[in-house]
Amino acid sequence: MEYFNTFGGNPVSCAVGRAVLQVIHEEGLQRRALEVGGALRSGIAALAAEFPLIGDVRGEGLYLGAELVLDPEARSPAGGHAAYVANRMRDRGFLISTDGPEHNVLKIKPPLQFGLEDVSPFLDALRRTLEEEPARIG
């Protein structure tokens, strides 16, 4: 069977794709995502050392996940807690979502314009949410 795609090989689509790749290269967007994402991941990992609810932090660049667990040893999923955190972060101006089979992973994927100057406010909002969270969910 041959592969067929309406847009495959279309000169306009190819030009658009090439222009996008050129902007990514010229503006150093991959390097920036790695740098900002590294700072964000390090900050979330520091919070994990303080809040046992964060069982794992993973991802690369600006695509990160923080797995929430009820018990750090058993690693039982904390889906309700993750939903609460995602909603409170939205109230605080940061859009994150939940993912995973048990919906207990905070999916953090800010837009490319999220910069180093945005990392601290995000982490401060996450800290405040984690501090209030156990009392709200129980």
Side-chain angles (χ1 to χ4, degrees):
M1 173 159 209
E2 288 186 36
Y3 174 76
F4 175 78
N5 182 314
T6 303
F7 302 106
N10 178 313
V12 174
S13 297
C14 291
V16 168
R18 183 176 165 91
V20 168
L21 292 173
Q22 188 173 353
V23 168
I24 289 171
H25 175 72
E26 288 174 358
E27 295 185 14
L29 297 179
Q30 285 179 301
R31 177 190 44 74
R32 185 170 186 270
L34 191 61
E35 178 185 358
V36 174
L40 187 57
R41 183 177 174 165
S42 294
I44 297 169
L47 288 174
E50 194 176 331
F51 295 94
L53 182 65
I54 302 175
D56 187 30
V57 181
R58 54 187 175 262
E60 290 295 328
L62 287 174
Y63 194 71
L64 303 173
E67 182 178 4
L68 302 190
V69 296
L70 296 173
D71 177 1
E73 296 298 317
R75 299 186 57 82
S76 41
H81 294 68
Y84 176 81
V85 170
N87 285 325
R88 284 298 286 142
M89 289 296 286
R90 183 193 64 230
D91 295 342
R92 291 187 160 116
F94 296 97
L95 296 178
I96 64 174
S97 59
T98 61
D99 205 347
E102 303 292 333
H103 304 285
N104 66 312
V105 178
L106 298 176
K107 186 165 54 172
I108 304 160
K109 49 181 191 152
L112 283 176
Q113 56 269 52
F114 187 91
L116 287 172
E117 67 278 2
D118 300 307
V119 171
S120 287
F122 179 91
L123 294 172
D124 290 343
L126 184 56
R127 171 185 293 283
R128 288 194 318 271
T129 301
L130 292 169
E131 287 172 344
E132 73 185 20
E133 181 278 330
R136 301 282 181 124
I137 296 292

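Along the sequence shown, residues are numbered consecutively beginning with 1.
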K.L.:
Got a second to check how far Leu126's CG is from Asp124's CG, nearest 0.5 Å?
P.N.:
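So the gap between those two atoms works out to 9.5 Å.
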K.L.:
Report yes or no: do Val20 and Tyr63 belong to one cluster of Ile/Leu/Val/Met/Phe/Trp/Tyr joined by side chain heavy-atom distances under 4.5 Å?
P.N.:
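In one cluster with Val20: Tyr63, no.
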K.L.:
Where the side chain of Arg41 meets the backbone of Gly59, is there a donor-acceptor pair that is under 3.5 Å apart?
P.N.:
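Confirmed, Arg41 side chain pairs with Gly59 backbone.
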K.L.:
For the CD atom on Glu50, are there more than 12 heavy atoms of other groups (residues, nucleotides or ligands in this structure) within a distance under 6.0 Å?
P.N.:
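Counting neighbours around CD of Glu50, more than 12 heavy atoms of other residues, nucleotides or ligands fall under 6.0 Å, so yes.
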K.L.:
Kindly indicate whether the side chain of Leu130, heavy atoms from C-beta on, has any atom under 4.5 Å from the side chain of Val85.
P.N.:
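Leu130 vs Val85: side chains touch.
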K.L.:
At what distance, to the nearest 0.5 angstrom, does OG of Ser97 lie from NZ of Lys109?
P.N.:
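The OG atom of Ser97 sits 6.0 Å away from the NZ atom of Lys109.
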K.L.:
Look only at the side chain of Asp118 and the backbone of Gly115, and say whether a donor-acceptor pair between them is shorter than 3.5 Å.
P.N.:
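Looks like yes, one N/O pair under 3.5 Å.
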K.L.:
Are there over 12 heavy-atom neighbours, none belonging to Glu117, within less than 6.0 Å of that residue's CD?
P.N.:
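Yes - once you tally the heavy atoms of other residues, nucleotides and ligands closer than 6.0 Å, there are more than 12.
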K.L.:
In terms of side-chain geometry, is the basic nitrogen of Arg88 or Asp91 positioned less than 4.0 Å from the acidic oxygen of its partner?
P.N.:
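Salt bridge flag = yes for Asp91 with Arg88.
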K.L.:
I'd like to know if Val36 and Leu112 are part of one continuous hydrophobic network [Ile/Leu/Val/Met/Phe/Trp/Tyr, side-chain heavy atoms within less than 4.5 Å].
P.N.:
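Yes, because Leu112 and Val36 connect within a single hydrophobic cluster, where side-chain heavy atoms sit under 4.5 Å apart.
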K.L.:
Can you hop from Phe114 to Val57 via hydrophobic side chains spaced under 4.5 Å?
P.N.:
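Same cluster: Phe114 reaches Val57 through Ile, Leu, Val, Met, Phe, Trp or Tyr contacts under 4.5 Å.
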K.L.:
Roughly how far apart are Leu40 CG and Leu116 CG, rounded to 0.5 Å?
P.N.:
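One gets 10.0 Å once the value is rounded to the nearest 0.5 Å.
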K.L.:
Quick one: are Leu68 and Ile54 in side-chain contact, heavy atoms under 4.5 Å?
P.N.:
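Result yes, sub-4.5 Å side-chain heavy-atom pair found.
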K.L.:
To the nearest 0.5 Å, what is the distance between CG (Leu47) and CG (Leu53)?
P.N.:
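Going from the CG atom of Leu47 to the CG atom of Leu53 covers 11.0 Å.
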K.L.:
Are Arg75 and Glu67 ion-paired here, with the side-chain N under 4.0 Å from a carboxylate O?
P.N.:
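A salt bridge links Arg75 with Glu67.
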K.L.:
If you group Ile, Leu, Val, Met, Phe, Trp and Tyr by side-chain heavy-atom gaps below 4.5 Å, do Ile24 and Leu62 land in one group?
P.N.:
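Yes, Ile24 connects to Leu62 through the hydrophobic network.
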K.L.:
Please report the shortest heavy-atom distance between Thr129 and Met89, naming the atom on each side.
P.N.:
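Heavy atoms only, the tightest pair is OG1-SD, 3.7 Å.
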K.L.:
To the closest 0.5 Å, what do you measure between CZ (Arg128) and CG (Leu123)?
P.N.:
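If I round to the nearest 0.5 Å, the distance is 11.0 Å.
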K.L.:
Given side chains that start at C-beta, do those of Leu70 and His81 come closer than 4.5 Å, heavy atoms only?
P.N.:
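In contact.
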K.L.:
Let me check something: do Ile96 and Ile44 share a hydrophobic cluster, defined by ILVMFWY side-chain heavy atoms less than 4.5 Å apart, either directly or through other members?
P.N.:
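Yes, same cluster.
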K.L.:
Decide yes or no for Arg92 and Phe122: does some side-chain heavy atom of the first lie under 4.5 Å from some side-chain heavy atom of the second?
P.N.:
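Not in contact.
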K.L.:
Nearest 0.5 Å please: distance from the CD atom of Glu132 over to the CZ atom of Arg127.
P.N.:
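Result: 13.5 Å between the selected atoms.
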K.L.:
Indicate the atoms forming the closest heavy-atom contact of Thr98 with Ala86, along with that distance.
P.N.:
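Minimum heavy-atom separation between Thr98 and Ala86: CG2-CB, 4.1 Å.
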